[in-house]
2 protein chains.
Amino acid sequence: MGGFRYAQFCPLARATELLGERWTLLVVRELLLGAQRFSDLRRRLPGVSASVLADRLGHLEQRGILEHRELPPPAAASVYALSELGRELEPVMAELARFGARLLGDPRPDDHIEPDWLRLAGMLFARREATAPRAFRVRVAGAEPAVEFFVRGGPAGTQVLDSPCDVDVTLCAEPLVLLALMSRRAAPDTLVESGALRVEGEIASVCEFPALFDVPAPTPNDGEDPS
Amino acid sequence: MGGFRYAQFCPLARATELLGERWTLLVVRELLLGAQRFSDLRRRLPGVSASVLADRLGHLEQRGILEHRELPPPAAASVYALSELGRELEPVMAELARFGARLLGDPRPDDHIEPDWLRLAGMLFARREATAPRAFRVRVAGAEPAVEFFVRGGPAGTQVLDSPCDVDVTLCAEPLVLLALMSRRAAPDTLVESGALRVEGEIASVCEFPALFDVPAPTPNDGEDPS
DNA sequence: CGGAATCCTCTTCGATACTG
DNA sequence: CAGTATCGAAGAGGATTCCG
């Protein structure tokens with residue numbers, strides 16, 4: 001692909017021309033978490049080569065999905081950030097993530113997992129209807145520097161915040177444990193008892209945490225996987 | 001691509017592995033409109049070669065998105081249809097179409113346009129909140145056999161039906177005219193006066209038709225297009 | 001009609017090296 | 001660090017042929 005175009009007058013075809021190249025969607029995923037430098041992106045996307053990443057960033061910039069900003073004097077760095085148009089991909093990513101969650105299965109041994117993705121999961125799987133008015137600090141173990149974010153339920157649905165707010169309870173666990181909690185694949189009590197989930201604060205609130213999110217149940221993979 | 005996998009434990013990566021190959025998403029688009037035969041799909045996807053189409057159908061079947069059914073004695077035909085899992089892609093397609101609609105611009109001279117896509121547009125852009133309780137028959141001109149579908153507003157949102165129902169009014173126009181109407185890029189009165197939009201029935205209802213849908217306004221393409 | 005198999009071409013990719 | 005340039009290898013795609 002490159003300037004590939006389907007010769008079709010259709011919004012889905014247009015969107016796919018933009019996002020359908022390999023790695024492109026994952027670049028957008030990373031930028032949903034905030035502005036990143038070239039080498040940040042490379043580290044977070046294991047397997048992508050410099051030339052391909054540069055190519056994809058170029059396309060996305062050219063098409064107005066992201067902006068390439070040079071941070072001027074103090075920190076001599078250049079970062080990529082989603083444009084206003086690019087940020088409107090969030091609902092698309094949310095639906096796509098909901099679909100993908102059914103097929104996720106278990107991690108393979110060589111699968112990369114980025115602690116920051118849990119924050120993204122919080123954003124994308126956030127319930128959009130009213131949720132319990134509780135606030136949580138979530139700390140993802142195993143990251144340096146630590147990933148920490150805040151989740152707050154309310155009448156307008158669940159919100160994920162980057163900056164601190166008053167919380168009822170703090171949760172701390174490995175990414176996979178937090179994912180199991182959010183997706184209801186493990187009971188909060190069990191996780192706490194086993195020590196996989198550390199809790200500080202009003203421990204009873206923990207049971208309300210999964211209800212803030214809407215992660216579809218996995219689909220049994222009845223299809224074979226003859227690789 | 002083929003059995004390509006991103007080595008990432010992430011729902012978006014999984015979904016992209018499934019849908020990211022060229023043509024794949026457009027195959028799903030066509031099947032959202034109903035079961036199709038191999039050559040139907042080829043005709044509706046100008047530019048795809050038999051081998052690529054067969055390859056994509058094979059992948060989608062293997063991964064449980066679609067089913068290959070042999071219609072037995074009477075009509076000796078074999079058709080492809082979305083599985084239950086595949087049908088759950090509809091919300092994804094709806095969000096993606098909303099995004100793509102901003103970038104759609106004007107049709108290029110060689111752009112293919114399928115009358116049936118208007119039915120799909122009705123489905124994907126249907127408003128999900130309560131809409132005016134009016135029913136419309138929509139006839140897309142220039143198709144043989146004619147494409148016809150029914151749209152009904154109501155407290156549960158807009159519904160698109162394939163089978164006839166009592167309607168207040170019938171609209172008949174070319175695909176681009178209907179699209180302009182749905183997306184509010186042309187006023188109903190103007191279209192009627194110019195003769196581009198033919199109306200039978202309670203003509204005053206026509207003005208309520210666009211309100212049944214939620215098509216985002218186009219984004220001005222500030223990016224250059226040096227092809 | 002509904003594809004599978006073959007051949008050949010055009011892209012695309014990754015590694016390495018190089019530049020500001 | 002933040003990329004660009006080059007080049008060989010791998011892969012994807014199109015056309016054609018053939019078979020049920």
Side-chain angles (χ1 to χ4, degrees), chain A residues 1-8 13 16-27 30-31 35-62 66-81 110 112 226-227, chain B residues 1-8 16-27 30-31 35-62 66-81 110 112 227:
Chain A
M1 301 205 199
F4 178 81
R5 293 195 69 220
Y6 297 104
Q8 303 191 2
T16 305
E17 288 161 8
L18 233 76
L19 301 169
E21 287 180 300
R22 204 176 275 182
W23 294 108
T24 298
L25 202 81
L26 303 190
V27 170
E30 293 306 320
L31 294 183
Q36 312 264 349
R37 291 175 305 173
F38 190 87
S39 35
D40 294 333
L41 290 169
R42 259 200 102 175
R43 186 182 44 76
R44 287 158 159 273
L45 299 172
V48 77
S49 68
S51 46
V52 167
L53 180 56
D55 182 69
R56 301 302 186 265
L57 290 170
H59 284 163
L60 288 172
E61 182 179 11
Q62 177 190 335
L66 60 79
E67 288 157 7
H68 187 186
R69 298 187 197 135
E70 309 279 342
L71 303 189
S78 84
V79 297
Y80 298 87
D110 54 342
H112 181 73
S227 165
Chain B
M1 302 205 198
F4 178 81
R5 294 195 68 220
Y6 297 103
Q8 303 192 2
T16 305
E17 288 160 10
L18 232 75
L19 302 170
E21 287 179 301
R22 203 177 277 180
W23 295 107
T24 297
L25 202 82
L26 303 190
V27 170
E30 293 306 321
L31 295 182
Q36 313 264 348
R37 291 176 306 174
F38 189 87
S39 34
D40 293 332
L41 290 170
R42 258 201 103 174
R43 186 184 43 76
R44 288 159 159 272
L45 299 171
V48 77
S49 69
S51 47
V52 166
L53 179 57
D55 182 69
R56 300 301 186 266
L57 290 170
H59 284 163
L60 287 172
E61 182 179 11
Q62 177 189 334
L66 60 79
E67 288 156 7
H68 187 186
R69 299 188 196 134
E70 309 280 343
L71 302 190
S78 81
V79 298
Y80 297 86
D110 55 343
H112 182 73
S227 164

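Worth knowing before you read on, the calculation uses all heavy atoms, side chains too, and leaves out hydrogens, waters and symmetry mates. Below, chain A is the first sequence line, B the second, and so on; all start at residue 1.
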Chemist: Tell me every residue that passes ring-ring contact (aromatic ring centres under 6.0 Å, His included) with F38(B), counting only those two or more places apart in sequence or in another chain.
Modeler: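 With neighbours one apart ignored, the set is empty.
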
Chemist: Can you see which heavy atom on E21(B) is nearest to which on H59(B), and at what distance?
Modeler: OE1-ND1, 2.9 Å

Chemist: Between atom CG in L57(B) and atom C1' in dA4(C), what is the gap in whole Å?
Modeler: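 Rounding to the nearest Å, CG of L57(B) and C1' of dA4(C) are 14 Å apart.
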
Chemist: So what does A54(B) touch, heavy atoms closer than 4.0 Å: a base, only the sugar-phosphate, or nothing?
Modeler: sugar-phosphate

Chemist: Specify the separation, in whole Å, of atom CD of E21(B) and atom C1' of dT12(C).
Modeler: 15 Å

Chemist: Round to a whole Å and report the spacing from NE2 of H59(B) to P of dA12(D).
Modeler: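 Taking NE2 of H59(B) and P of dA12(D), I get 9 Å after rounding.
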
Chemist: In terms of side-chain heavy atoms of Y80(B), which of dG3(D), dG3(C), dG13(D) is nearest?
Modeler: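 Closest of the options to the side chain of Y80(B): dG3(C).
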
Chemist: Just the rounded figure in Å: distance from P of dT4(D) to CG of D55(A).
Modeler: 10 Å

Chemist: Side chain of V52(A) only, please: which of dG14(C), dG3(C), dG14(D) is the nearest?
Modeler: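 Of all the options, the side chain of V52(A) is nearest to dG14(C).
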
Chemist: Please examine the side chains of V27(B) and V48(B), heavy atoms only from C-beta on, and report whether any two atoms are closer than 4.5 Å.
Modeler: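 Counting from C-beta outward, V48(B) and V27(B) never come under 4.5 Å.
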
Chemist: Can you find a side chain N or O atom of H68(B) that sits less than 4.0 Å from OP1 or OP2 on dG3(C)?
Modeler: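 Yes, because at least one side-chain N or O of H68(B) sits under 4.0 Å from OP1 or OP2 of dG3(C).
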
Chemist: Take the protein atom CZ of F4(A) and the nucleotide atom C1' of dT11(C), then report the distance between them rounded to whole Å.
Modeler: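 To the nearest whole Å, that distance equals 13 Å.
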
Chemist: When you measure from the side chain of R37(A), which nucleotide among dT12(C), dA2(D), dG14(C) comes out closest?
Modeler: dA2(D)

Chemist: Given dA2(D), dG13(D), dG3(C), which nucleotide is nearest the side-chain atoms of F38(B)?
Modeler: dG3(C)

Chemist: Would you kindly give the CZ-to-P distance between R42(A) and dT4(D), to the nearest whole Å?
Modeler: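 It is 13 Å, rounded to the nearest whole Å.
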
Chemist: Do the side-chain N or O atoms of S49(B) get closer than 4.0 angstrom to the phosphate oxygens (OP1, OP2) of dG13(D)?
Modeler: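 False: S49(B) side-chain N/O out of range (4.0 Å or more) of dG13(D) OP1/OP2.
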
Chemist: Starting at the 5' end of DNA chain C, which residue's closest nucleotide do you reach first, S39(B) or S51(B)?
Modeler: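 Between the two, 5'-proximity favours S39(B).
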
Chemist: For L53(B) and dA4(C), give me the distance from atom CG to atom C1', rounded to whole Å.
Modeler: 13 Å

Chemist: Could you tell me the separation between the CD atom of E70(A) and the P atom of dG20(C), rounded to a whole number of Å?
Modeler: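 Going from E70(A) (CD) to dG20(C) (P), I get 16 Å.
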
Chemist: From L26(A) CG over to L31(A) CG, what is the distance, rounded to the nearest 0.5 angstrom?
Modeler: 11.0 Å

Chemist: Could you pull out the closest heavy-atom pair between L18(B) and T24(B), with the gap in Å?
Modeler: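 Between these two residues, the closest heavy atoms are O-CG2, 3.6 Å.
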
Chemist: Describe the nucleic acid contact of G58(A) in one word from base, sugar-phosphate, nothing, applying a heavy-atom distance below 4.0 Å.
Modeler: nothing

Chemist: Looking at dG13(D), I'd like to know if its phosphate oxygens (OP1 or OP2) sit under 4.0 Å from a side-chain N or O belonging to R56(B).
Modeler: yes

